Every structure is written in C-alpha cells, then in structure tokens.
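Only one structure is covered here, and it is reproduced in the block below.
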Protein chains: 2
Amino acid sequence: MGNKQQITERIAALLKDSKLSVTETRTKILELFMKSNGALEHSDFEKLAGKSFDRVTVYRTLQTFLDKGIIHKIPTTDTSVRYAVCKSECTEHHHHDHHVHFKCEACGHTICLDETNIPEIQLPKGFAANNVEVVVSGVCKSCK
Amino acid sequence: MGNKQQITERIAALLKDSKLSVTETRTKILELFMKSNGALEHSDFEKLAGKSFDRVTVYRTLQTFLDKGIIHKIPTTDTSVRYAVCKSECTEHHHHDHHVHFKCEACGHTICLDETNIPEIQLPKGFAANNVEVVVSGVCKSCK
DNA sequence: TAAATTTTGCAACATTGTTGCAAAATTACA
DNA sequence: TGTAATTTTGCAACAATGTTGCAAAATTTA
Ligand SMILES: [Zn+2]
Ligand SMILES: [Zn+2]
Ligand SMILES: [Zn+2]
Ligand SMILES: [Zn+2]
C-alpha cells in the first residue's frame with residue numbers, strides 16, 4: 001500500500017511525467033481515484049472531498065487527465081460520465097484500455113476488469129472497427 | 001417502404017399494442033425514428049421536428065417508450081443519451097437487444113447492427129453477468 | 001528571488017433534465 | 001354519437017450539469 005507520503009510522491013511523479021504542474025487539486029483528485037478502486041463521476045469529487053474543489057476546476061482537471069491519458073471514460077446509458085485511472089502503460093498517444101468494464105447492479109460500482117480482454121467482433125462487410133467498448137452489468141464478486 | 005398513410009397506421013397499431021394512447025407527439029417521434037434509420041438523441045427531436053414539441057413532452061415520451069420496450073438506450077462516453085427503436089420481438093417484459101452498436105467516427109451516426117451478435121465474455125470468478133453492451137466505433141459502410 | 005507560465009476560483013451564462021398542475025386530447029362506454 | 005373518465009400535453013418554475021472569460025494565485029523556470 002505505502003503511506004500517505006509515498007502516495008503523494010508517486011502522484012507527483014505521475015504528473016511530472018505528463019508535463020503537468022503538481023498542484024493540490026490534481027493531487028487530491030488522483031488520491032481519490034487511487035483510494036476508490038473503481039470509477040468515479042463528477043458528483044463523487046464534490047462529495048468525497050468535502051466540497052473543497054471548485055466545480056469548474058474538477059471539470060478542467062478531468063479533461064486535462066483525459067488529454068494526457070491518465071484517465072479514461074467508461075460508457076453509460078445515463079447522463080453521468082464515469083472515469084477511471086489508466087494503467088501505467090497508457091500514454092498521451094497510445095492507450096492500452098482494451099479491457100472490459102463491469103457495473104454492479106447491487107452496489108452500483110463500476111470497475112475496470114483489467115485482465116478481461118475484449119473479444120474480436122465480426123462486423124458486417126464494409127465496416128471498419130477502430131475501438132470496441134464492452135460494459136457488462138450484473139453482480140460483482142463482493143455483492144454475490 | 002409504404003406511403004405516409006400506411007406508416008401512420010403501423011405506428012398507431014404499435015402504440016395500441018403497448019396500450020398507449022395514439023397521440024400526435026408519439027406518432028411524430030416514432031416517424032422520426034423510422035425515417036432516421038439510426039439512433040437519435042434529445043436534441044435531434046427539437047431540430048428535426050421544427051420545434052413543434054415541448055421539451056418536457058419529448059422527455060416523457062422517450063421514457064414511456066423505454067418503459068414499454070419500444071426503444072432502447074445506447075451507451076455513450078459523452079453526456080448525450082442515444083435511443084433506437086427495438087425490433088418487433090421486444091416487449092415490455094422481454095428484450096431481444098443482444099446486438100452490437102456501431103458509432104461512425106466520420107458521419108457521427110450511431111446504428112444498431114442487428115445481425116451482429118454479442119460474444120460471450122469470460123468474467124473473473126465471482127462475477128455474474130446479466131447484460132452485455134458492446135459499442136464499436138470506426139468507419140461505417142457509407143463513409144468508407 | 002524575480003519573471004514567465006500555468007492553474008485556479010469566481011461570476012455569469014448555456015444546456016439539460018425534473019416536477020406540479022391545469023388545460024387539452026384521447027379513450028371508454030352508454 | 002355524445003358525455004364522462006382517463007391520459008397526455010404544455011407551461012412555469014426549478015434543479016442539476018456543463019462552459020467561458022478573466023483576474024488572482026500558485027507553480028515552474030532560470
Ligand atoms: Zn457490487
Ligand atoms: Zn477501465
Ligand atoms: Zn459513417
Ligand atoms: Zn440497438
């Protein structure tokens with residue numbers, strides 16, 4: 001796990017690798033991602049952090065993290081957008097997000113199944129695939 | 001294809017089958033779905049219909065159609081929710097929407113690939129799947 | 001440390017989604 | 001067909017979510 005100090009240092013290194021200034025907001029938001037062990041949405045940040053962030057800053061921070069390949073979005077059928085941290089192999093220009101996402105209908109959490117690969121999809125003639133998103137819903141390990 | 005009159009009759013029958021009143025708004029919205037041959041989002045209805053609908057009515061109509069199994073939602077990574085008409089086998093209590101969705105990065109359209117089946121996903125131990133959503137993005141037949 | 005650059009917070013605004021309620025339309029039935 | 005019961009619609013008012021410009025604050029550069 002590592003103590004608070006070590007986590008803060010790891011986050012600072014991650015930000016510097018992406019050529020981003022190391023700020024309090026960015027550090028806190030990344031801490032929340034690491035603690036949560038799952039996907040987060042905008043409202044989570046306001047709740048979790050005790051309204052210490054400005055809403056605008058959260059929007060801009062998440063957009064920056066997306067641009068830099070630090071986090072990725074997870075598709076949903078509701079209005080809320082969900083985000084999760086990418087694995088270390090991801091960079092601004094190359095993503096390794098070919099994993100399945102799982103949404104638990106019991107606890108409501110969405111997680112990345114990093115070990116579960118996306119299968120090949122046989123599309124009709126004339127269609128060219130660039131990216132495949134898979135979201136499975138059901139009951140998770142903890143809620144079973 | 002069938003002429004305007006026939007389409008209106010088919011829509012009326014569809015609504016009656018679902019035990020819904022046949023109203024002008026519902027008929028127009030279903031016409032838009034049939035014409036569009038793809039997924040639509042809220043803003044499309046206001047544009048397409050020349051602002052003849054009240055926004056609230058559109059929200060309520062789409063929710064009703066969802067409840068009755070006339071349309072289904074398609075997951076996205078942006079805020080907009082997309083809807084498409086279900087095939088005839090779908091009912092209020094049983095859906096046959098196990099098909100892949102395709103979003104074209106060129107023309108922006110999202111369509112149902114009714115003939116493309118969802119593959120089995122091998123989940124980690126302890127996870128139970130209930131529903132699997134697949135959204136492929138790339139270049140469609142028309143844009144190729 | 002001082003200057004240059006980047007990030008943040010605020011205000012103001014735009015868009016999207018929700019609720020209650022009375023008027024209008026549709027349906028059920030004599 | 002005409003009338004009553006039921007359902008749907010439109011409006012107003014509101015809540016939630018997302019965006020932009022700009023000056024102050026923080027971070028980085030050197
Ligand atoms: Zn769960
Ligand atoms: Zn993920
Ligand atoms: Zn296309
Ligand atoms: Zn579909």
Side-chain angles (χ1 to χ4, degrees), chain A residues 8-9 11-32 39-68 70-71 73-83 92 108 110, chain B residues 8-9 11-32 39-68 70-71 73-83 92 108 110:
Chain A
T8 305
E9 277 168 21
I11 287 172
L14 172 59
L15 289 170
K16 278 173 191 158
D17 283 351
S18 297
K19 299 192 175 32
L20 291 174
S21 301
V22 180
T23 68
E24 200 186 335
T25 308
R26 287 175 180 162
T27 304
K28 274 197 193 166
I29 285 183
L30 283 176
E31 274 173 18
L32 289 177
L40 296 175
E41 50 188 276
H42 271 282
S43 57
D44 290 329
F45 297 102
E46 287 159 46
K47 286 176 212 148
L48 285 172
K51 64 179 64 193
S52 58
F53 310 127
D54 184 76
R55 261 160 27 80
V56 177
T57 305
V58 174
Y59 282 112
R60 287 197 273 225
T61 302
L62 292 174
Q63 186 57 55
T64 302
F65 288 174
L66 281 174
D67 293 344
K68 293 292 184 175
I70 295 173
I71 62 177
K73 285 187 183 181
I74 300 168
T76 66
T77 51
D78 55 53
T79 324
S80 69
V81 184
R82 267 186 267 287
Y83 304 85
E92 182 165 5
T110 299
Chain B
T8 306
E9 276 168 21
I11 288 173
L14 172 58
L15 288 170
K16 278 174 191 157
D17 283 351
S18 297
K19 300 193 175 28
L20 291 173
S21 301
V22 180
T23 67
E24 200 185 336
T25 309
R26 287 177 181 161
T27 305
K28 272 197 194 166
I29 286 183
L30 282 176
E31 273 173 19
L32 288 177
L40 296 174
E41 50 188 277
H42 272 281
S43 57
D44 290 328
F45 298 101
E46 288 159 45
K47 286 176 211 147
L48 286 172
K51 68 177 64 195
S52 58
F53 310 127
D54 184 75
R55 261 162 24 83
V56 177
T57 304
V58 174
Y59 281 113
R60 288 198 273 224
T61 301
L62 292 174
Q63 186 58 55
T64 301
F65 287 174
L66 281 174
D67 293 344
K68 293 292 183 175
I70 295 173
I71 60 176
K73 285 187 182 182
I74 301 168
T76 66
T77 51
D78 55 55
T79 323
S80 69
V81 183
R82 267 185 267 287
Y83 304 85
E92 182 167 2
T110 298

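Chain naming here is simple, since letters A, B, ... match the order of the sequence lines and numbering starts at 1 in each. On a predicted model such as this, the values are computed, not experimentally measured, just so you know.
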### Query
In whole angstroms, how far is the C1' atom of dA25(C) from the CZ atom of Arg26(B)?
11 Å
### Query
For the pair made of NZ in Lys73(A) and P in dG18(D), what is the distance, rounded to whole Å?
9 Å
#### Entry: First encountered from the 5' end of DNA chain D, between Thr25(B) and Ser43(A)
Thr25(B)
### Query
Counting only side-chain N and O atoms of Thr57(B), is one of them less than 4.0 Å from OP1 or OP2 of dG10(D)?
yes
### Task
Please tell me which of Thr61(A) and Thr79(A) maps to the more 5' nucleotide of DNA chain C, matching each residue to the nucleotide holding its nearest heavy atom.
Thr61(A)
### Query
Rounded to the nearest Å, what distance is computed from the CZ atom of residue Phe65(B) to the P atom of nucleotide dT9(D)?
9 Å
### Query
Separation of Asp67(B) atom CG from dT7(D) atom P, in whole Å?
15 Å
#### Entry: First of Val56(B) and Ser21(B) reached from the 5' end of DNA chain C, by closest nucleotide
Val56(B)
### Query
Expressed in angstrom and rounded to an integer, what is the separation of Asp54(B) atom CG from dT19(C) atom C1'?
13 Å
### For atom CG of Leu20(B) and atom C1' of dT9(D), their distance in whole Å
14 Å
### Query
For the base of dG18(D), is there a side-chain donor-acceptor partner from Arg60(A) under 3.5 Å away?
no
### Query
Heavy atoms, side chains only, cut-off 4.5 Å: are Leu30(A) and Leu15(A) in contact?
yes
### Query
Where do Thr27(A) and Val22(A) come nearest, in terms of heavy atoms and distance?
OG1-CG1, 4.0 Å
### Query
Can you find an N or O donor on one side and an acceptor on the other, under 3.5 Å apart, linking the side chain of Arg55(B) with the base of dG10(D)?
no
### Query
With a 4.5 Å limit on heavy-atom distance, are the side chains of Ile29(A) and Thr25(A) in contact?
yes
### Query
Rounding to a whole Å, what distance do you find between Glu24(A):CD and dT28(D):P?
13 Å
### Query
Between His42(B) and Tyr83(B), what is the ring plane arrangement, given parallel below 30°, perpendicular above 60°, and tilted in between?
perpendicular
### Task
Answer with base, sugar-phosphate or nothing: what part of the nucleic acid does Thr64(A) contact at a heavy-atom distance below 4.0 Å?
nothing
### Message
Side chain of Tyr59(B), heavy atoms from C-beta onward: which of dG18(D), dT16(C), dT27(C) has the nearest atom to it?
### Response
dT16(C)
#### Entry: d(NZ, Lys19(B); P, dA28(C)) in whole Å
11 Å
### Query
Distance check: side-chain N/O of Thr23(A) vs OP1/OP2 of dT8(C), anything under 4.0 Å?
yes
### Query
Are Arg26(B) and Ser21(B) side-chain neighbours, meaning at least one heavy-atom pair lies under 4.5 Å?
yes
